[in-house]
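In this text the structure is predicted, and so the values were computed from the model without any measurement. Numbered from 1 within each chain, the chains take letters A, B, ... in sequence-line order.
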2 protein chains.
Amino acid sequence: MDESQLNDLAQLLKALGEYNRLSLVYKLCNCSAPENAMCLCDCCSVDASVTSRHLKALTQQGVVKMEKRGRERLYSLNRTAVSEKLRALADAIKPSEHEFGYR
Amino acid sequence: MDESQLNDLAQLLKALGEYNRLSLVYKLCNCSAPENAMCLCDCCSVDASVTSRHLKALTQQGVVKMEKRGRERLYSLNRTAVSEKLRALADAIKPSEHEFGYR
DNA sequence: TTAATACTTGCACATATGCGCAATTATGTA
DNA sequence: TACATAATTGCGCATATGTGCAAGTATTAA
């Protein structure tokens, strides 16, 4: 793990490590289809502008992706990328049993 | 996931989401035996007092545990607890194949 | 008992962060 | 066109955070 990878991972964890942003992520966990920003606002009791900024931060860290549809912006999780990074960290801390393959 | 659990997880991720603290965690990943604080200082180019505070933050979030030996303080990772929490989040985002059990 | 070692704590400081409100942009609708 | 809707951006503000230095505490060694 080089310096720049470590920094990227730290940025990702920082993006996830804020209550309202983590709430957004959990909300998106349960969405099979992309959600628009205003709908996501409902899960945090903050101003829409704040949610907008949190979604921007999550987008910049690759946690979510955004697509425009009309005047809406639809957000969805980058499930594979994020879960893989979290598992890689978990594995570095404690190798999972599955990694041994057989026993 | 209730509000307080979500908050705890956010705090954990925030503790991990800082470059120097994450460096400490990675350094401890490779230690089979507990490391003393001054040894850990070497992996961050900051004042010892700063490392001390980072280790305190990691301890408070349950990432590391500390034991005193003479005038040293030995730190080691709470490997199981931390990796389980990270995997739980990863699984919420994208269930791992292993969870399906068979196929 | 004096000095060295291994940390931690108090303090000050600069910067980052989260927040709300108001204004703005972009798109759709009457 | 004029207006409504969806969302973002600019601004100011309060608080949190990371940092270094100096001083303090605890333990060991001389």
Side-chain angles (χ1 to χ4, degrees), chain A residues 3 6-28 31 33-77, chain B residues 3 6-28 31 33-77:
Chain A
E3 193 173 316
L6 199 66
N7 191 56
D8 288 349
L9 181 56
Q11 295 299 314
L12 171 67
L13 294 167
K14 180 177 290 186
L16 294 172
E18 197 276 334
Y19 183 80
N20 287 316
R21 283 195 296 268
L22 191 58
S23 300
L24 289 168
V25 169
Y26 264 90
K27 175 128 181 178
L28 284 168
C31 299
E35 286 281 335
N36 71 60
M38 286 305 100
C39 174
L40 291 166
C41 279
D42 300 339
C43 81
C44 330
S45 54
V46 290
D47 194 80
S49 67
V50 175
T51 300
S52 174
R53 269 185 271 256
H54 282 320
L55 287 168
K56 185 178 181 181
L58 290 171
T59 303
Q60 284 171 340
Q61 289 309 315
V63 176
V64 304
K65 52 180 175 291
M66 186 266 284
E67 53 184 314
K68 299 173 74 167
R69 188 184 60 189
R71 59 192 161 193
E72 291 177 309
R73 313 245 165 141
L74 303 179
Y75 291 90
S76 53
L77 281 177
Chain B
E3 194 173 314
L6 199 67
N7 192 57
D8 288 349
L9 181 56
Q11 294 300 313
L12 172 68
L13 294 167
K14 181 177 290 187
L16 294 172
E18 197 276 335
Y19 182 81
N20 287 316
R21 282 195 296 269
L22 191 59
S23 300
L24 289 167
V25 169
Y26 264 90
K27 176 129 181 176
L28 283 168
C31 299
E35 285 281 335
N36 71 60
M38 285 305 100
C39 175
L40 291 166
C41 278
D42 299 340
C43 81
C44 332
S45 54
V46 290
D47 193 80
S49 67
V50 174
T51 300
S52 174
R53 269 185 272 255
H54 282 319
L55 287 168
K56 184 179 182 181
L58 290 171
T59 303
Q60 284 172 341
Q61 289 308 315
V63 177
V64 304
K65 52 180 174 290
M66 186 266 284
E67 54 184 314
K68 298 173 74 167
R69 188 183 63 188
R71 60 191 161 195
E72 292 177 309
R73 314 248 163 139
L74 303 178
Y75 291 89
S76 54
L77 280 178

| task | Could you check A:R73 against A:R21 and say which one's nearest nucleotide on DNA chain C is further toward the 5' end? | result | A:R21

| field | Between D:dA26 (C1') and B:M66 (CE): distance, integer Å | value | 12 Å

| field | Boundaries of the DNA chain C segment in contact with chain B, non-hydrogen, under 4.0 Å | value | C:dA4 to C:dC11

| task | With heavy atoms under 4.0 Å as the rule, sort A:R69 into base, sugar-phosphate or nothing. | result | nothing

| request: Answer yes or no: is there a donor N or O on one side and an acceptor on the other, between the side chain of A:S23 and the main chain of A:Y19, under 3.5 Å? | output: yes

| task | Take atom OH of B:Y19 and atom P of D:dT19, then tell me their distance rounded to the nearest Å. | result | 11 Å

| task | Write down the distance between CG (B:D47) and P (D:dT19), rounded to a whole number of angstrom. | result | 10 Å

| query | A:G17 and B:L13: which non-hydrogen atoms are nearest, and at how many Å? | reply | CA-CB, 3.7 Å

| message | Please give me every residue in residues 52-64 of chain B whose heavy atoms get under 4.0 Å of an atom in DNA chain D, ordered by residue number. | response | B:R53, B:H54

| query | Which atom names give the shortest non-hydrogen contact between B:E18 and A:A10, and what distance separates them? | reply | C-CB, 4.1 Å

| field | Least distance between heavy atoms, A:Q61 atom then A:A15 atom | value | CG-CB, 3.6 Å

| task | Let me know, please, whether A:V50 or A:K14 comes out on the 5' side of the other along DNA chain D by nearest nucleotide. | result | A:V50

| task | Find which nucleotide of DNA chain C each of A:R71 and A:A48 is nearest to by heavy atoms, and output the residue with the more 5' nucleotide. | result | A:A48

| request: Please say which of A:L77, A:T51, A:V63 ends up in a side chain to side chain contact (heavy atoms under 4.5 Å, CB included) with A:L24. | output: A:T51

| message | Checking the side chain of B:S52 only, and the main-chain atoms of B:A48 only, is there a donor and an acceptor separated by less than 3.5 Å? | response | no

| task | Starting from C1' on D:dT5, measure out to NZ on A:K68 and report it in whole angstrom. | result | 15 Å

| Heavy-atom closest contact (B:S76 atom, B:L28 atom, distance) | CA-CD2, 4.3 Å

| Closest contact, heavy atoms only, B:L6 versus A:L22 | O-CD2, 3.6 Å

| Distance below 4.0 Å between A:N36 side-chain N/O and D:dT5 OP1 or OP2 | no

| Can you list every pair that meets salt bridge (charged side-chain N to carboxylate O under 4.0 Å, His left out) and has a residue in residues 46-61 of chain A, with sequence neighbours left out? | none

| query | Contact class for A:Y75 (heavy atom, under 4.0 Å): base, sugar-phosphate, or nothing? | reply | sugar-phosphate

